[in-house]
Each structure stands twice: as C-alpha cells, then as structure tokens.
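By convention in this document, chain letters (A, B, ...) are assigned in the order of the sequence lines, proteins followed by strands, and residues within each chain are numbered from 1.
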Amino acid sequence: MKQRDLKGPHGTTNVVEETVRNPNVMPSPYSPTIELVGVSYGYGKDLPVIDDITLSIPQGQWVTLVGANGCGKSTLVKLMNALLPKGEGSIKVKGLELQSDTIGKIRQTIGMVFQNPDNQFIGATVEEDIVFGLEGQCLSIEVMEERVKSYAARLGITDLLYKHPSELSGGQKQRVAIASILSMEPEVVIFDEASSMLDEKTRNELLNILSDMHKSGRYTIISITHDAQEIAASERVLVLHEGKLIADRTPTELFQDEKILEMSHVIAPFAFQLTRELHRYGLDISIPNCEKELMEALWPLHLRK
Amino acid sequence: MSEKLLIGRTIDTGSWVHSIDPRAKMIAMMLYVVIIILSNTWLEMACVVVFSLAIIALTRIHIKYFIRAAKPLWVLMLFIFIVQCIKVVDKNGAILLSIGSWNLYVEGFKLGLFSVLRMVFLVSFTAILTFTTTPGRLNQGLEGVLKPLKVIRVSPDRFTLMVSIALRFIPSILEEAQIILKAQASRGADVRELPWKEKGKMLVSLLVPVTVGAFRRAEDLVHSMESRGFRMGEPRTKYHSLVWRSRDTIFIGFFIIMLIAMVWMSGYGTGELWTL
C-alpha cells in the first residue's frame, strides 16, 4: 500500500481514506483499535447469535453496524466491552486481548451509549451522572470538576447540571449520557441504537454530535442504527445477517446494492432512491452523497432541454 | 401519583438548616427520637413543641408541608388514640366521660393524646431531613453514619448504592405503572370503576408487567454501570465529599441541650406540677 504523508496528530484523515477504499488493508504503523478474529457467541451450538465474525476497525474510523432486529448487532458490541460472557474467538482492543484481567482496562477504552436514555441514567442529577464514571477512574476532585465543566459545555447541558432526570427530555437525557461517556475520555465510543427513541430534530442533533466527534479525530465510533442519514454520514458500514457479517463496504456502495439493503432492512436515503429511479429512465447521473448534490446534478439537465 | 409523594422530596429554601451536613441532621434526628420518647408530662411536651416549631421555622419551609407529611398516618393515629382510651383502666383516677358501664379515664385520654402528639411530631419533624437534603447528599450522609458497620463487615457503600438506585428508580417505576394502568383502562378495564375484589385482581395483573419492566431496567442499568467501569468493591474517589463544620456541631448542640433538659426535667420531677 502506498505510504502517504500524514496530517494531524493521529494521521486520521489518511488512515480513514485508505480504509474506506479497502477496509481490510491497514496502514502498517497503526495497529487496529478493535480486532475480532473468529468471534462466535450463542446459546448452544445450534443457536449462534454471532457466527464466526472477523473484522478490524482502525483508529478514528466511523463505522455503522446495520441489520434486521435480532441479527446480533447489540450482542456483538456488548461482546467487545465484555458486557456478555466471552464466547469463542479473540477480541483485541488497542492490542489488548479481552480476558478477565483486562476487562477493566478495556472498559476504560470503550464507552457505550445505549438505546433507552432513562435506563442508563445512574445519578440523581445530571452532574452526579457524569461524575459516576469519573469516580470509578479514581480521578482527583479538580480533574473531575474540570471535566464536568468542559464536557457539559461541549454538549450544551451546563444549565441542566443540577436537574433530576425526570425534568429532562429524551434528547437532553441522551446528551447527558454522551457527556457522561465522553468525560471518561474513551478512545472508542459505541452507540447502541442511541437515536432510535428520539424525534427527528433530536436525531439530527445527535448526528451533528457524532460528526463533530468524528472530525475531532479522537474517537473511533461504532454506531448501531437504522437511520439512513446516519449511515450515509459514516465511513464504513458493516451488515449483519443472522449473526454473520455479510457485507463490509462504504455507505454509497451499500445504498446501491438492493439485495443487501433488503437483507439489512435499511431504506436508502431519498437522493439514492431517486437516482436509482432516474437510472432506470436512462438518465446518467453520478451517485450523490446528499440531496443537495443531486439537485446540483439535476438542474443543468433542465437547462440543456 | 408522584404529586402526592412527599417522602424524599427536597424543598429548597436555601436556609441555614439546608446547609447542615446530612450526617449531623441524621444524628440530630436520632436524638430527637429519644427526646420525644422522654417527654411524658405536659411541660415536657410543651418544650418539645416549642423546640420543634423553632427548628421548623429555621428551615423557612411553610408549615403546611410538615402537616401534610403526617397526614397519611391519620388512620393509624386515630387507632392508637382509641386503643389507648379504651385500654387504660385507672380505678383510682378521674373519669372524664362515662358511657354506660364504660368509663373514659383522664389517664387514658392523656396517654392517647400523648401518643398521637408524639407520632405527629416524630413524622413531621423528621421530614426536615428529606425536605432540606437532596437524595444524593442524604445518601452520602447515610454512608457516613453507617461507617461503623464496617467493623462487622457490612459494607456501607453497597447499602447506599442500593438506596440511591432505589430512590432514583422509584419515580420511573411508578410512572411505568401509571402507563400500564392507562393502557389497561384504554382497553376497557378501568381500575377506578371496578369493585374492590376486582381491583385486587387487576393489581395482580399490573404487578407482572411492572416487575418485568423493573428487571429490564435493572439489566440496562447494570450494562450502563459496567460500561462506565463500575466494579463492586473497587476503589473510587468521591466528587462531593462531606466536610464537618462548626455549624454542624452547633446544630447537634441544640438537640443535646434539649435532651439534657428532658433528662433533667424527668429526673427532678419538675414536670410533676404540670401533670394532669
């Protein structure tokens, strides 16, 4: 593979570019953040929930995990964080093999945001909730104060710090959950259908947060979602079907493949659907990344008429 | 449902009592229990009333909240009062009221009234603890007060974690119960309109989904806690640590003085003059 000059402190931009083109090829100086080899998990041999999954995710990449309900997406991410007992195969996080003695360290590297914003709220106030994880890391009061302040500001929840969860909306609770996770400064953040219980507006807010996190280059993001917009914004899509990894591609490639879309129960964004229809009518337009791009491609056609 | 729940609700007026260390408040409440048990004469009871009202005034919380805190217990209080009136047979004592062969003795009436007064003040006054302290601080205080239990290998952290999770989830579970009740009502099974026997049956059918829901929540919560690196018994730092200040000692001081006064009054029989 061609070695390039690396920009930025982690060289993320280039690593990401390379891996999108060919996710299986890793730039040699960077070991993958997450590496799964032959991972299987299930209740007995006949009922595998996860069936022989091998994949690697480099640092800084934004990966979405899609698939029909019950295909094992949540199980897979929970295995990465040792929230479920270990199955077959090996899981490595930052080069550290997941074993009973490394669980603590690995959980410090991976932060998880879950689906139900109510059930992951541990503290009696927003501040207590953020601090819960920090206390476990045995940080000093000064550091904790600083983190609470900076991460609350980053997620726009400074005014809510002393509020009880019952006083918050779903979107606000989800912001608190993200602040609680980010304040622990993990390198990998997993979103387990974090946007599924949110309304359209809050979902867009969450998407902006994810984009900002990705741009910062500090986080490797794994997101389980059914939301086409979120999938389109990510760099790589892993498709799970009946516990097996059936596709590993870019969002654009995924949206073009009707068979995989069908299997993963994902609906392509409007711009993709329209382009596909137009192709059927013989119009030659390149695949757009968003609606605006499609509009840009369409209006010159009108002029040509 | 949660509107009526006064237990565990903090009413913030920013008073002096609000700023007292929760440990001090807990110790003070224990002393108050002793004080109220020791008050046997009218004079002693009068002193307790004045003292209690003075402390209540210090909290700057309207007295109606304290009265409301004791209100749910009125049936129990009435029961205790009646039992005391019927039970006490003081052959040589004065009779207050005579209905047929049954006499209401002054002593019985006094005992009944005292029991009710004690109960009213105990419940209303100890509400100061929850009215003036947030659940989080209350829990920290509890951990502090329970620390001596470490000697007999009972872990106060484990206990207080349990309490804090319970306090955090009681409103959520009540809310869920309400939703299920409404869901049942929307399908034509309105609990309010059913006879008592049917109501009982309906409550059982409510209990199952609520319990299942609670377990689901518990699982989610465990995952959330574990993914944030929580492991039982592992060392943790404290974000809010309690600092004992002179005002806390002064607060307890009030109660100690009151207790000494009580012991002195009952010991020297000063109150005898006031006894009915």
Side-chain angles (χ1 to χ4, degrees), chain A residues 74 77-78 80-84 103-145 147-148 162 164-167 173 177 180-184 186 188-190 192, chain B residues 1-3 5 8-10 12 14 130 133-140 143 157 160-176 178-179 213-243:
Chain A
S74 284
V77 290
K78 277 177 187 153
M80 290 179 192
N81 208 2
L83 292 180
L84 291 172
I103 287 176
K105 268 216 159 127
I106 285 175
R107 282 187 185 154
Q108 279 198 9
T109 316
I110 301 180
M112 272 183 100
V113 180
F114 297 90
Q115 181 180 18
N116 190 329
D118 230 335
N119 296 359
Q120 56 184 312
F121 208 111
I122 302 163
T125 61
V126 171
E127 189 191 38
E128 276 178 36
D129 193 57
I130 298 178
V131 158
F132 182 82
L134 306 180
E135 287 179 332
Q137 289 182 333
C138 294
L139 299 175
S140 68
I141 292 174
E142 293 76 31
V143 177
M144 284 198 262
E145 273 172 354
R147 295 239 187 128
V148 169
Y162 304 106
H164 190 265
S166 60
E167 296 171 83
K173 274 181 220 164
S180 307
I181 295 301
L182 295 192
S183 67
M184 294 172 71
V188 183
V189 186
I190 298 174
D192 188 356
Chain B
M1 202 183 275
S2 52
E3 281 294 303
L5 265 181
R9 190 190 288 181
T10 317
D12 193 11
T130 50
T133 328
T134 57
R137 269 174 69 80
L138 202 61
N139 208 32
Q140 271 184 299
E143 194 174 339
D157 340 350
T160 50
L161 177 75
M162 219 160 65
V163 173
S164 73
I165 290 173
L167 280 176
R168 155 77 188 82
F169 278 93
I170 285 170
S172 310
I173 290 171
L174 282 180
E175 201 179 310
E176 195 165 296
Q178 285 269 313
I179 292 169
F215 273 104
R216 199 187 49 238
R217 272 174 200 280
E219 197 189 355
D220 282 358
L221 188 74
V222 165
H223 281 157
S224 180
M225 285 167 75
E226 285 196 333
S227 69
R228 290 197 215 171
F230 180 80
R231 294 187 111 180
M232 199 76 232
E234 293 277 303
R236 293 170 69 81
T237 44
K238 288 255 179 287
Y239 185 60
H240 295 289
S241 43
L242 298 172
V243 187

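- For Asn116(A), the part lying near chain B is the side chain, with the backbone staying farther off; criterion is any non-hydrogen pair under 4.5 Å.
- Contact annotation for Val148(A): only side-chain heavy atoms (C-beta onward) come within less than 4.5 Å of a heavy atom of chain B.
- The shortest side-chain heavy-atom distance between Val126(A) and Phe121(A) falls under the 4.5 Å cut-off.
- Counted within 6.0 Å of CD on Glu167(A), heavy atoms from surrounding residues, nucleotides or ligands total more than 12; the atom is thus considered enclosed.
- If you measure heavy-atom distances from Thr134(B) to chain A, you find no contacts under 4.5 Å at all.
- Here the straight-line distance linking atom CG of Leu161(B) with atom CZ of Phe230(B) works out to 5.0 Å at 0.5 Å rounding.
- Chain B forms more heavy-atom pairs under 4.5 Å with one residue of Glu135(A), Met184(A), Gln137(A), Arg107(A) than with any other, namely Glu135(A).
- For Gln108(A), no part sits under 4.5 Å from any heavy atom of chain B, backbone or side chain.
- Asp192(A) places no side-chain N or O within 3.5 Å of a backbone atom of Phe114(A) that could act as its donor or acceptor partner.
- Of the two parts of Ile165(B), neither the backbone nor the side chain holds a non-hydrogen atom closer than 4.5 Å to a non-hydrogen atom of chain A.
- Taking the ring axis of Phe132(A) as reference, the NZ or CZ atom of Arg236(B) stays within 45° of it and closer than 6.0 Å to the ring centre.
- If you tally non-hydrogen atom pairs under 4.5 Å between each of Ile106(A), Ile181(A), Ile103(A), Leu139(A) and chain B, the highest count goes to Leu139(A).
- Atom CZ of Arg228(B) and atom CE of Met112(A) lie 12.0 Å apart (nearest 0.5 Å).
- No other option in Gly104(A), Gly111(A), Ser180(A), Ser166(A) has as many heavy-atom pairs under 4.5 Å with chain B as Ser180(A).
- Taking both residues in full, the closest heavy atoms of Ser183(A) and Leu134(A) are given as O-CD2, 3.4 Å, listed atom of the first, atom of the second, then distance.
- Proximity to chain B is limited to the backbone of Ile110(A), based on heavy atoms less than 4.5 angstrom apart.
- Of the residues considered (Met225(B), Arg216(B), Glu219(B), Glu226(B)), Glu226(B) shows the highest number of contacts with chain A, using heavy-atom pairs under 4.5 Å.
- Contacts between Glu127(A) and chain B at a heavy-atom distance below 4.5 Å involve the side chain alone, from C-beta outward.
- Partners of Glu143(B) according to the side-chain contact (heavy atoms from CB on, under 4.5 Å) rule, which considers only residues two or more places apart in sequence or in another chain, are Pro156(B), Asp157(B), Thr160(B), Lys238(B).
- With a threshold of 4.5 angstrom between heavy atoms, Glu234(B) does not approach chain A through any atom at all.
- Scanning for side-chain contact (heavy atoms from CB on, under 4.5 Å) contacts around Ile173(B) gives Phe169(B), Val210(B), Ala214(B), Arg217(B), with sequence neighbours left out.
- Residue Pro186(A) does not touch chain B at all, counting heavy-atom pairs closer than 4.5 Å.
- Your options are Ile141(A), Ile190(A), Ile122(A), and the one with the most heavy-atom pairs under 4.5 Å with chain B is Ile122(A).
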